[in-house]
Structure formats: C-alpha cells, structure tokens
Amino acid sequence: MYRRPVAGGIVMAEEKSKIVMGKKLGEEYLDIFVLIAYDPDAPLFVRDRDRETIKDAIGSHIIWLRDFVHLEEET
C-alpha cells in the first residue's frame, strides 16, 4: 500500500449512510473531493466506469479508505 500521499483533496462527508460512487461510506470510507494528483497513475480503491486512477478523479468526489487519509488540522 501507499506510504506517501497520492493526492490532495477535501473531506466532503463522513456520514456513514451517505452513498458515493454507488457505495455506502459506512465505517471504512470517506467522501473525498480530489484537487490535485501527486501520483496520477495510482489506482483508486473503488473504481467506476469513468475513474480508475487518481488522475481520472481530479475534480470529482470519490470514496477513499479512512485508514489511508491523512487529515491536517486548520490553524
């Protein structure tokens, strides 16, 4: 798995019942809006017909495993 950031984005939702990319967030996922790709060819954890890699997801909402999201506090 990744040990470095593959993208930068904004956490849009944490609600367990929200559905993103046809999947419920539940306990394991967050809704992320992807702003920038650091590793454009990195595969997404959950793919759909339009998005398979980070570069495909720029400018859209995706789901990403919570355990692989690094949150930075606003100052």
Enquirer: Give every residue pair that meets the salt bridge (charged side-chain N to carboxylate O under 4.0 Å, His left out) criterion with at least one member in residues 51-60, sequence neighbours excluded.
Expert: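 Checked against salt bridge (charged side-chain N to carboxylate O under 4.0 Å, His left out) - neighbours excluded - the pairs reaching residues 51-60 are D41-K55, D48-R51.
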Enquirer: Can you list the steps and then say if V11 with I32 is a side chain to side chain contact (heavy atoms under 4.5 Å, CB included)?
Expert: CA-CA 5 Å; V11 175; I32 305 290; 3.6 Å; yes
Enquirer: Within this structure, what is the CE-CZ distance for the pair M21 and R47, rounded to the nearest 0.5 Å?
Expert: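 If I round to the nearest 0.5 Å, the distance is 9.5 Å.
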Enquirer: Out of K24, K23, R66, E14, which residue meets the side-chain contact (heavy atoms from CB on, under 4.5 Å) rule with Y29?
Expert: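 Going through the options one by one, the only one that passes is K23.
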Enquirer: CD1/I63 to CG/L30 distance, rounded to the nearest 0.5 angstrom?
Expert: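 CG of L30 is found 10.0 Å from CD1 of I63.
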Enquirer: For the hydrophobic clusters of this structure (ILVMFWY residues joined by side-chain heavy atoms under 4.5 Å, transitively), does one cluster hold both L71 and W64?
Expert: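 The answer is yes; both residues are in one hydrophobic cluster.
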Enquirer: Restricting to non-hydrogen atoms, name the atom on L65 and the atom on V69 that form the minimum distance, rounded to 0.1 Å.
Expert: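 For L65 versus V69, the nearest heavy atoms are O-CG2, 3.5 Å.
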Enquirer: Shortest non-hydrogen contact from L25 to E15?
Expert: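 Of all heavy-atom pairs spanning L25 and E15, the closest is CD1-O, 3.3 Å.
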Enquirer: In the structure I gave you, are the side-chain heavy atoms of L35 and I58 within less than 4.5 Å of one another anywhere?
Expert: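 Of all side-chain heavy-atom pairs linking I58 with L35, none is under 4.5 Å.
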Enquirer: Can you say whether the rings of F45 and F68 are parallel (under 30°), tilted (30 to 60°) or perpendicular (over 60°)?
Expert: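 Ring orientation of F45 relative to F68: tilted.
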Enquirer: So, for I54 and A7, which heavy atoms are closest and what is the spacing to 0.1 Å?
Expert: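 Here I54 and A7 meet closest at CG2-CB, 3.8 Å.
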Enquirer: Linking I/L/V/M/F/W/Y whenever any side-chain heavy atoms sit under 4.5 Å apart, do F33 and L44 land together?
Expert: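 No.
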Enquirer: Where do I62 and A57 come nearest, in terms of heavy atoms and distance?
Expert: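 Shortest heavy-atom separation between I62 and A57 comes out as CG2-CB, 3.6 Å.
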